[in-house]
Trainee: 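The structure's right below; bear with me while I get my questions together.
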Amino acid sequence: MKDIKARTQQLLKEKIVEAITKAIHEGAIPTDRVPDFYLEVPQDSTHGDFAANVAMLMARQARMAPRKIGEIIAANMDISATPVEKVEVAGPGFINFYLKPTWANGVILDILRKGRDFGRQEFGKGIRVQVEFVSANPTGPMHMGNARGAALGDALASILKMSGYDVTKEFYINDAGNQIENFGLSLEARYLELLGREGHIPEGGYHGEDIKEHMKALIEEEGDRFLNMDSQSRRAYFIKYALEKNIQRMKQDLANFGVEFDVWFSEQSLHDAGKVTDVINLLKQKGCTYEKDGALWFRASDYGAGKDEVLIRANGLPTYFASDIAYHKDKFDRGFDRVIDIWGADHHGHVARVKGALKALGYDPEKLTVILMQLVRLYRNGEIARMSKRTGRAVTLADIVEEVGRDAARFFFNMRSADTHLDFDLDLAIKTSDENPVYYVQYAHARICSILRQASEQGVTLPDIGADSWGSMEKYAYMLTEKNEIELIKKLADFPGEIRLSAENLSPYRITNYCMELASIFHSFYNSCRVLTEDRDLTAARLMLVQAVQQVLKNAFGILGISAPERM
RNA sequence: GCGCCUAUAGCUCAGGGGAUAGAGCACCGGCCUCCGGAGCCGGGUUUUGCGGGGGUUCGAAUCCCUCUAGGCGCACCA
């Protein structure tokens, strides 16, 4: 069932269409069709609860002044079975609807009844979506970009789940290719050095301490037995050893960040199953490859990309691009109706060619959406910070969780749209004051918990919200008529719509903003309306309201992956 | 040179073709004998705060073209 706001909107739209149809039939408006129009909440509340732009859209075809059309529509409207109190035509021709102030109050009961399911949508039902994110290089720790991706991807997946989609969260492990070769060579070099031999880290290799630590641990466990082994075999062993630990570590760091994946998908497994070779052969068969300079190329420029791309290098090894085609083909072969990838903006050049390859293979590239995230800049003491306070190395995902905490990190990463650079103020994130938005929203929740504790201590009992007592419950909801109460209730009624918009636009930051707005309205309400009063019925009504606020905050926090503290 | 992203208040950013373009922070001034002051209320902060210029539209911060500025790409790396 739709939520109160969407139901009301739909009802009013139907009434408008009825009115227009009637007017056309009577010859009052010289046109023959009703255009697509919207019915929205105006920015300025003095313009009513909903406004329709239909009269302006009809003006041209009907050769009539929009205001006049609006008047005719308004006059023909049957509002008897609606919560409409007053209809006005204003401005350039908007039809403004003023509803009974308590029109949305029923939402309180709706929230209390649905609980954690309030906000859930049906429109994604039966659609399988894969969200692939983080997919960090397993050769080292996860960086800031991975952290943003983790927060964004996880919240997005939650939003899509709330919207009814069947969602799978996937992490693609780049455990094949050149960087793994370099990883192995770097490990080998450190191993040799640690045992007093000469080691040499190749160009493009890994110089980090973690490489050394892996080999130290290995030497402790297995000693120098690899010194006599041939280089290729021992490197294969080192790679397997260190990758396993790195992946385990990533899982742990992500778990500490509150992010769990359904599938960890290995790039190497595609090679092992022959899927990379298969997809290359398929492209060959379709005639969209050619050989040049000893390499095999894909005619990406025929499929919308800027230039052609190499599939197999002159040394006979497939490129990352080739395995990525196989990977994306595999995603669709697994039956996903829609695939969403979250990549760093520095990979944007890759988008057109992967889509081009999918097109060449006969898949619909529109089913793949790539969200490109812009860079994260960390600030500490008002200056750009590159290094971790603790380690002195580049700030990792684990560092940020340690420094500012999971809640602040996840909230901050989801405060901005993906396509804007994100400035992350480390000082602000740990401030326990009103400047810090994450404390502000969590405080609203804690404050409600405190009220509810007080109520319980005072022995105030709430009416039973059981379904059978529905009729008697309603009176409480409609007792709330103060300005702050009405505003708060309307905000609660917005929540399902916010979920829908966030899903449609793939924009978790909307939920973050919603939290701040809801918290703000709640704090205002708190300061102007006492919840626990001598009036038993009013107390009950307000207790239900704050419980509803608590529930919606909880649901929103759940999406963002932040905790809902009962005390702070 | 080509491609992607960005340009809105002092700062960081919202804004689904609509009415007088908003929020947070900063700054200034107020508010607890009362459910948590980690809160609330008020003030836009010297004429028009949507980078400049064209265009489409009844209507443009929003769509199109173009210019400028910044970020990021343009490997037989991933």
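First the proteins, then the strands, lettered A, B, ... as listed; each starts at 1.
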Trainee: Given atom CD of Q43(A) and atom P of G59(B), what is their separation to the nearest angstrom?
Mentor: 20 Å

Trainee: With rounding to the closest Å, how many angstrom separate the C1' atoms on G73(B) and C64(B)?
Mentor: 25 Å

Trainee: Atom CE of M516(A) to atom C1' of G22(B): distance rounded to whole Å?
Mentor: 13 Å

Trainee: Partner lookup for C27(B), please. Criteria are Watson-Crick or G-U wobble with both distances under 3.5 angstrom; report none if nothing qualifies.
Mentor: G43(B)

Trainee: So if I take every side-chain heavy atom of H348(A) and compare against C58(B), C4(B), A78(B), which nucleotide ends up nearest?
Mentor: C4(B)

Trainee: Using modelled atom types and a 3.5 Å cut-off, is there a donor and acceptor pairing between side-chain atoms of R410(A) and backbone atoms of L560(A)?
Mentor: yes

Trainee: Donor-acceptor pair under 3.5 Å: do we get one between D44(A)'s side chain and the base of A21(B)?
Mentor: no

Trainee: Can you tabulate the close N/O pairs, meaning under 3.5 Å, that link protein atoms to atoms of nucleotides 12-14 of chain B?
Mentor:
| from | atom 1 | to | atom 2 | distance (Å) |
| --- | --- | --- | --- | --- |
| U12(B) | O3' | D423(A) | OD2 | 3.2 |
| U12(B) | O2' | R416(A) | NH2 | 3.0 |
| C13(B) | OP1 | H421(A) | O | 2.8 |
| C13(B) | O2' | R416(A) | NH1 | 3.2 |
| A14(B) | OP1 | S417(A) | N | 3.3 |

Trainee: Taking atom CD of Q43(A) as the centre, report whether more than 12 heavy atoms of other residues, nucleotides or ligands fall under 6.0 Å from it.
Mentor: no

Trainee: Reckon N178(A) touches a base, only the sugar-phosphate, or nothing at all at heavy-atom distances under 4.0 Å?
Mentor: sugar-phosphate

Trainee: Near E566(A) CD, under 6.0 Å, is it more than 12 heavy atoms from other residues, nucleotides or ligands?
Mentor: no

Trainee: Between OG of S502(A) and CD1 of I511(A), what distance do you get to the nearest 0.5 Å?
Mentor: 3.5 Å

Trainee: Mind checking who C72(B) pairs with, Watson-Crick or G-U wobble, both distances under 3.5 Å?
Mentor: G3(B)

Trainee: Please name the nucleotide paired to U20(B) by Watson-Crick or G-U wobble geometry with both distances under 3.5 Å, or report none.
Mentor: none

Trainee: Would you mind pulling out the nucleotide paired to U33(B), Watson-Crick or G-U wobble, both distances under 3.5 Å?
Mentor: none

Trainee: Can you identify which nucleotide, out of G16(B), A19(B), A78(B), has its nearest atom closest to the Y320(A) side chain?
Mentor: A78(B)

Trainee: When rounded to the nearest Å, what value does the distance between C1' atoms of A21(B) and C13(B) take?
Mentor: 14 Å

Trainee: Base, backbone or nothing for each nucleotide of nucleotides 33-38 of chain B, written B, S, -, heavy atoms under 4.0 angstrom, 5' to 3'?
Mentor: -SBBSB

Trainee: Please report the distance separating the C1' of U6(B) from the corresponding atom of A14(B), rounded so that it comes out in whole Å.
Mentor: 15 Å

Trainee: Distance only, no hydrogens: is a donor on one side chain within 3.5 Å (strictly under) of an acceptor on the other, for D407(A) and Q442(A)?
Mentor: yes

Trainee: Can you tell me how far C1' in A60(B) sits from the matching atom in G54(B), rounded to whole Å?
Mentor: 14 Å

Trainee: With a cut-off of 6.0 Å (strictly less than), are more than 12 heavy atoms of other residues, nucleotides or ligands near NZ of K359(A)?
Mentor: no

Trainee: Looking at G18(B), I'd like to know if its phosphate oxygens (OP1 or OP2) sit under 4.0 Å from a side-chain N or O belonging to Y38(A).
Mentor: yes

Trainee: Have a look at R63(A) and say if it touches a base, only the backbone sugar-phosphate, or nothing, with a 4.0 Å heavy-atom cut-off.
Mentor: nothing

Trainee: Nearest whole angstrom, please: distance from the C1' of A78(B) to the CD1 of I325(A).
Mentor: 14 Å

Trainee: Separation of I371(A) atom CD1 from C72(B) atom P, in whole Å?
Mentor: 22 Å

Trainee: Would you indicate which nucleotide in A19(B), G18(B), G16(B) comes nearest to any side-chain atom of A90(A)?
Mentor: A19(B)

Trainee: For C50(B) and A7(B), measure between their C1' atoms and round to the nearest Å.
Mentor: 9 Å

Trainee: I want to verify a distance call: between A78(B), C74(B), C40(B), whose nearest atom is closest to the K307(A) side chain?
Mentor: C74(B)

Trainee: Kindly compute the distance separating CG (L270(A)) from OH (Y327(A)), expressed to the nearest 0.5 Å.
Mentor: 8.5 Å

Trainee: Once rounded to the nearest 0.5 Å, what's the spacing between atom CG of L488(A) and atom CZ of F525(A)?
Mentor: 6.5 Å

Trainee: Give the rounded distance in Å between these two atoms: CD of E309(A) and C1' of A75(B).
Mentor: 9 Å

Trainee: State whether the number of non-hydrogen atoms from other residues, nucleotides or ligands found under 6.0 Å of R249(A) atom CZ is greater than 12.
Mentor: no

Trainee: Between C76(B), C72(B), C58(B), spot the one nearest the side chain of A314(A), thanks.
Mentor: C76(B)

Trainee: Across all strands shown, which nucleotide pairs with U62(B) by Watson-Crick or G-U wobble geometry, both distances under 3.5 Å?
Mentor: none

Trainee: Quick one: F298(A) CZ to C76(B) C1', roughly how many Å, whole number?
Mentor: 17 Å

Trainee: Give a yes/no verdict on base stacking between G73(B) and H347(A): centres under 5.5 Å, planes within less than 30° of parallel.
Mentor: no

Trainee: As an exercise, state the distance from CG of L553(A) to CG of L518(A), rounded to the nearest 0.5 Å.
Mentor: 4.5 Å

Trainee: Base, sugar-phosphate or nothing for A352(A)? Non-hydrogen atoms, less than 4.0 Å.
Mentor: nothing

Trainee: Between C41(B) and G59(B), how many Å separate the two P atoms, rounded to a whole number?
Mentor: 39 Å

Trainee: Which part of the nucleic acid, if any, lies within contact of D175(A), taking any heavy atom under 4.0 Å across all strands shown: a base, the sugar-phosphate backbone alone, or nothing?
Mentor: nothing

Trainee: In this structure, how many angstroms lie between the C1' atom of G18(B) and the CD1 atom of I95(A), rounded?
Mentor: 14 Å

Trainee: Which value, rounded to the nearest 0.5 Å, describes the distance between E132(A) atom CD and I371(A) atom CD1?
Mentor: 11.5 Å

Trainee: Between P on C41(B) and CZ on F522(A), what's the gap in Å once rounded to a whole number?
Mentor: 13 Å

Trainee: Rounded at 0.5 Å granularity, tell me how far CG in L12(A) sits from OG1 in T8(A).
Mentor: 6.5 Å

